[in-house]
Protein chains: 2
Amino acid sequence: MFTRALLAVKSTALVCVILLSMTERTTGSIRARVRAEMLDEIKAAARKQLATDGASLSLRAVARDMGMASSAIYRYFPSRDDLLTALIIEAYDSLADAAEDSEAEVDRADLVGRWLAVAHGLRNWALDRPHEYALIYGSPVPGYAAPEDTIEPSTRPVLLIGTILTDAKTAGRLEEESLPTRTPAPLVMEIREAARVVNAAVGEAEMARALIAWTELFGAISFEIFGRLNNVIDQRFAWFDHQMRAMAGFVGLR
Amino acid sequence: MFTRALLAVKSTALVCVILLSMTERTTGSIRARVRAEMLDEIKAAARKQLATDGASLSLRAVARDMGMASSAIYRYFPSRDDLLTALIIEAYDSLADAAEDSEAEVDRADLVGRWLAVAHGLRNWALDRPHEYALIYGSPVPGYAAPEDTIEPSTRPVLLIGTILTDAKTAGRLEEESLPTRTPAPLVMEIREAARVVNAAVGEAEMARALIAWTELFGAISFEIFGRLNNVIDQRFAWFDHQMRAMAGFVGLR
DNA sequence: ACGAAACGAGAGCAGTGCTCTCTAATCGCA
DNA sequence: TGCGATTAGAGAGCACTGCTCTCGTTTCGT
């Protein structure tokens, strides 16, 4: 909003702008700074529209909301999909932040508590912004193909269980077990690789159980957010908490 | 297609139509029959379009595909959402059929096998028609609110585990256990009610475990269909099978 | 055989993503 | 300081969407 008003009174504000550019030389030209602010402003407006009108994101509505022509948006985002991509990346980061913040508040030695904190952190974030959750963990947006840029941010949330697993293992708080012998060797290799990626210093059996718990976790959130619990479970918090404690036991956390 | 050609040569086919209506008096007037066929034809065209172009379903494209004006579609479906609703209901039924057929092929006494058959039946259906899966188990379609009509069909798939649980219980093939005492009473009541609805003659602890397995099952399918396994797990079948065997153990099936 | 109901086509409305052109503001650099 | 190059924004326009309304035609029940 500030940048918009600024642009509207261009000539009179020019001196002020020059002063600003002098005191903040590190941020580059004012054009670059205004551009960065515009990018944020557009994303914020889009996020707002996402929250109110649901998953149907209209570029024109965003432009209208900002009081500018729809064509001007294309100076900042080459297409609607690129705006979506930016929102998706931000959503992953925001989700990971929420989970990390929630987990950080728990005593390091309380491994079940840390798992529960991650789970509830993820769920609370999803409840707060269901449409953003749908954007990243729901069905892909109709004509939208997730580009490369979204792959890396999407891995952030799952990294958390890596450290929990490692800490549990080193503290001797993780029950050990071996995978059934019928588990195909290629799959075992992939599970080991997954453990390596999330920095989990555990065996394939423990990692497999953690991945299953992770799957159940997002299954539970999706069921709740997408309305699959309607008319079945009203005790949403209690049910989710029960599931997560059960999965902690399944993983072998003590 | 047959009905379209029939309508195109109306006058000459009139006698034929009368004859048909006489031999098939039980099905009602020919108009009613043609209408039913049209409904099916539109749904089929829509399903085809869903499979090729993804979740963005265009009424006009469906009409174009059928060689008729877009406005004519509104004689059969009052709105695009109503078409979607019809497709959703059919998808639930089709999915439930697939799971039932898959489960029916397994020896009644093999309870783990029956659970695995249901799971693989659901997964195979989802892999065959990912967009229809997304329609019913993904994020809700943008401007679409699922009407009452979809509630009942959506319960069909889950009914299957009810019979498996009951059979396992009566055969003494289901490990018993009690819920942790901290489980809130209202939640216990809801779980018992859920067991009643799916005809599962088991206690709340067994039902809770089954619901968790059910959640993991759909979490696993969603992860696979929505691309969350990309670059992580390539051994899709083996991984799913492993998960489902693990969940069978978690539920206590023997 | 006739009035009522249903059907299909076409035009039209408001909305969408996106492109192109044109003007004005701002930039880097001499 | 001024000038050519770059960038921002507006507006018109294209093809598309869901949906409504009207207008003939066809089929229905009686």
Side-chain angles (χ1 to χ4, degrees), chain A residues 3-4 6-18 20-21 25 27-39 41-42 46 49 53 55-84 141-144, chain B residues 3-18 20-21 25 28-39 41-42 46 49 53 55-84 141-144:
Chain A
T3 70
R4 304 216 51 63
L6 196 148
L7 287 171
V9 288
K10 323 138 196 181
S11 39
T12 56
L14 192 55
V15 183
C16 168
V17 165
I18 291 172
L20 276 171
S21 72
R25 190 171 291 264
T27 57
S29 64
I30 65 146
R31 188 170 250 173
R33 214 190 60 230
V34 166
R35 184 177 178 83
E37 283 177 22
M38 275 301 260
L39 286 170
E41 226 179 308
I42 293 173
Q49 221 220 322
D53 293 0
S56 65
L57 177 62
S58 156
L59 258 183
R60 288 182 116 108
V62 170
R64 222 178 296 125
D65 190 63
M66 298 185 59
M68 67 196 298
S70 65
S71 55
I73 301 280
Y74 288 84
R75 297 282 178 198
Y76 300 91
F77 294 95
S79 75
R80 197 190 84 122
D81 283 6
D82 290 273
L83 214 196
L84 273 180
V141 176
Y144 176 80
Chain B
T3 69
R4 305 215 51 62
L6 196 148
L7 287 170
V9 288
K10 323 142 197 179
S11 41
T12 56
L14 191 56
V15 183
C16 169
V17 164
I18 292 172
L20 278 172
S21 73
R25 189 172 292 264
S29 65
I30 66 144
R31 188 171 252 174
R33 212 189 63 229
V34 167
R35 184 178 178 83
E37 283 177 22
M38 274 302 257
L39 286 170
E41 225 180 306
I42 293 172
Q49 221 220 323
D53 293 359
S56 65
L57 178 63
S58 157
L59 259 182
R60 288 182 117 107
V62 170
R64 223 178 296 126
D65 190 65
M66 298 184 59
M68 68 195 298
S70 66
S71 55
I73 301 281
Y74 288 84
R75 297 284 179 199
Y76 300 92
F77 295 96
S79 77
R80 196 190 83 122
D81 283 7
D82 290 273
L83 214 196
L84 273 179
V141 177
Y144 176 80

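Note on naming: letters A, B, ... go to the chains in the order of the sequence lines (proteins, then strands), and numbering restarts at 1 for each one. Small disclaimer: the values here were computed from a predicted structure and weren't measured.
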Under 4.0 Å: is that the gap between some side-chain N or O of [X] and OP1 or OP2 of [N]?
X: Ser79(A); N: dG17(C); result: no
X: Arg60(B); N: dG18(D); result: no
X: Arg35(B); N: dC7(C); result: yes
X: Arg64(A); N: dT16(C); result: yes

* **5'-most by nearest nucleotide on DNA chain D - Ser70(A) or Arg75(A)** => Arg75(A)

* Nearest non-hydrogen partners of Gln49(A) and Ser58(A), listed with the distance -> OE1-O, 3.2 Å

* Structure fact -> Minimal heavy-atom distance between Leu59(B) and Ser79(B), with the atoms involved, is CD1-C, 4.5 Å

* Asked: Rounded to the nearest 0.5 Å, how far does CD1 of Ile73(B) lie from CD1 of Ile42(B)?
  -> 4.0 Å

Gap between atoms [atom1] and [atom2], on [X] and [N] respectively (whole Å):
X: Met66(A); N: dA8(D); atom1: CE; atom2: P; result: 13 Å
X: Met68(B); N: dA6(C); atom1: CE; atom2: P; result: 16 Å
X: Ile42(A); N: dG17(C); atom1: CD1; atom2: P; result: 13 Å
X: Leu39(B); N: dG8(C); atom1: CG; atom2: P; result: 11 Å

Could you tell me whether [X] contacts a base, only the sugar-phosphate backbone, or nothing, with contacts defined as non-hydrogen atoms closer than 4.0 Å?
X: Tyr76(A); result: sugar-phosphate
X: Ile73(A); result: nothing
X: Leu83(B); result: nothing

* Using modelled atom types only, decide if a donor and an acceptor are shared between the side chain of Arg80(A) and the backbone of Leu57(A) within a distance under 3.5 Å. => yes

* Check whether any side-chain heavy atom of Met68(A) lies under 4.5 Å from a side-chain heavy atom of Arg75(A), and answer yes or no. => no

Choose from [options] the nucleotide whose nearest atom is closest to any side-chain atom of [X].
X: Tyr74(B); options: dT17(D), dC19(D), dG9(D); value: dC19(D)
X: Ser58(A); options: dG17(C), dA9(C), dA10(D); value: dG17(C)
X: Leu59(A); options: dA10(D), dG17(C), dG18(D); value: dG17(C)

* Assess whether one donor atom and one acceptor atom, taken from the side chain of Ser71(A) and the base of dG9(D), lie less than 3.5 Å apart. => no

